[in-house]
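Remarks on the structure that follows.
Note on naming: letters A, B, ... go to the chains in the order of the sequence lines (proteins, then strands), and numbering restarts at 1 for each one.
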2 protein chains.
Amino acid sequence: MIAIGEASRLSGVSIETIRYYEREGIISKAVRTASGRRAYSDTEISELRFIKRCRNLGFSIQDAVALRNLADAPSDACETVERLGSKHLSDVQAKLAELRKLEKALVELVANCAKGQSDCPMLDALKAR
Amino acid sequence: MIAIGEASRLSGVSIETIRYYEREGIISKAVRTASGRRAYSDTEISELRFIKRCRNLGFSIQDAVALRNLADAPSDACETVERLGSKHLSDVQAKLAELRKLEKALVELVANCAKGQSDCPMLDALKAR
DNA sequence: GCTTGCTTCTGTAGTTACTACAGGATGCAT
DNA sequence: ATGCATCCTGTAGTAACTACAGAAGCAAGC
């Protein structure tokens, strides 16, 4: 059995976050030792890692939980998984498009600034309607 | 004088958000009518629009406020503005790079899914270490 | 003058996903 | 026995809003 600190190291999820996940019912309640400390099995470490990987990919906790549940359920999991994945992909692509526009606007703004005029073109740009 | 609903329409900032900005000291307290309703001038509408534009560009409220203050202060505003702009630009570029990686990973994940195998490669990928 | 319906008011709580304590107990090595 | 690391619970804070509830005001039509 693995203590919470070790579980954190093994999974990459912080101690506070593990406790938070338990509190919120995102993972099931950990078994306790005689003195009340949480103890984890390899299975639970894998579960934490799974959630962590989903979060790194930008899935919401809600989606991560859904995916984890699907990982246990056998039938037509793949379809649902693909749906979640595609949805998330298009969200990511939308965000990418937005950020690209943003980058362009900022590059222009800052480039104007660099010309060292007496009044500030970037502020003027922000003020303009 | 302009009521809060009209101010919201003119600036694109929601009523609740305008009140929130006032509560938090992000904008100054609005003048009140005899009956206690908030009243706005054109100047204040412009201020709201300025903040809104900064927020749309992804600046934090804190940065937006700093920029607005600089817009009123004359001397060496431009330098500070450029610093804030460049900093924000590199943040945006970092985020862009991250999202591009993410997109690539998701495209691969979902592409595997589409092959219609019996078990789900996307789940397997998430489970794998 | 009264009703109807829209707008506004204050105050509070909820959102997302954590993070950061405080204050106290436990485990382990010396 | 002492010291230090680790762990516990419970609470509050973060960013930037959003969403009510319940009451009051305003403008127009009858």
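- Between the side chain of Ser11(A) and the backbone N or O of Ala7(A), at least one donor-acceptor pair lies under 3.5 Å.
- When the C1' atom of dT9(D) is taken as reference, atom NZ of Lys29(A) falls 12 Å away, rounded to whole Å.
- Side chain of Arg19(A) to main chain of Arg23(A): no donor-acceptor pair is present (N/O by atom type, distance under 3.5 Å, no hydrogens or angles).
- Remark: Ile26(A) CD1 to Leu48(A) CG distance equals 11.0 Å, nearest 0.5 Å.
- Contact annotation: the side chain of Leu10(A) never approaches that of Tyr40(A) to less than 4.5 Å [non-hydrogen atoms, C-beta and beyond].
- Residue Ile2(B) contributes atom CD1, which lies 12 Å from atom P of dT8(C) at whole-angstrom precision.
- If you measure from atom CD1 of Ile51(B) to atom P of dA16(D), you get 11 Å, rounded to the nearest angstrom.
- For the OP1/OP2 pair of dC7(D) and a distance below 4.0 Å, the side-chain nitrogens and oxygens of Arg38(A) include no atom meeting the criterion.
- Summarising the geometry, the separation between CD on Gln62(B) and C1' on dC17(D) is reported as 16 Å, rounded to the nearest angstrom.
- Taking only side-chain nitrogens and oxygens, Arg32(B) comes nearer than 4.0 Å to OP1 or OP2 of dT10(C).
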Next on the checklist: How would you summarise protein contacts on nucleotides 19-29 of chain C per nucleotide, using B for base, S for sugar-phosphate only and - for none, with heavy-atom distances below 4.0 Å?
Outcome noted: BBB---BBS--
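- Between Glu24(A) atom CD and dG10(D) atom P the separation is 14 Å, expressed in whole Å.
- Atom pair Ile18(A):CD1 and dC7(D):C1' shows a separation of 12 Å (rounding to whole Å applied).
- The listed nucleotides are dC18(C), dT8(C), dA16(D); the one nearest the side chain of Arg55(A) is dC18(C).
- Residue Met1(B) contributes atom CE, which lies 16 Å from atom P of dC26(D) at whole-angstrom precision.
- Side-chain atoms of Glu44(A) and Ser41(A) form a donor-acceptor pair, as typed in the model, at a separation below 3.5 Å.
- Straight-line distance from the CD1 atom of Ile61(B) to the P atom of dT18(D): 11 Å, rounded to whole Å.
- Formation of a donor-acceptor pair under 3.5 Å by the Lys52(B) side chain with backbone atoms of Val13(B) is not found in this model.
- To the nearest 0.5 angstrom, Arg37(B) atom CZ is 10.5 Å from Ile4(B) atom CD1.
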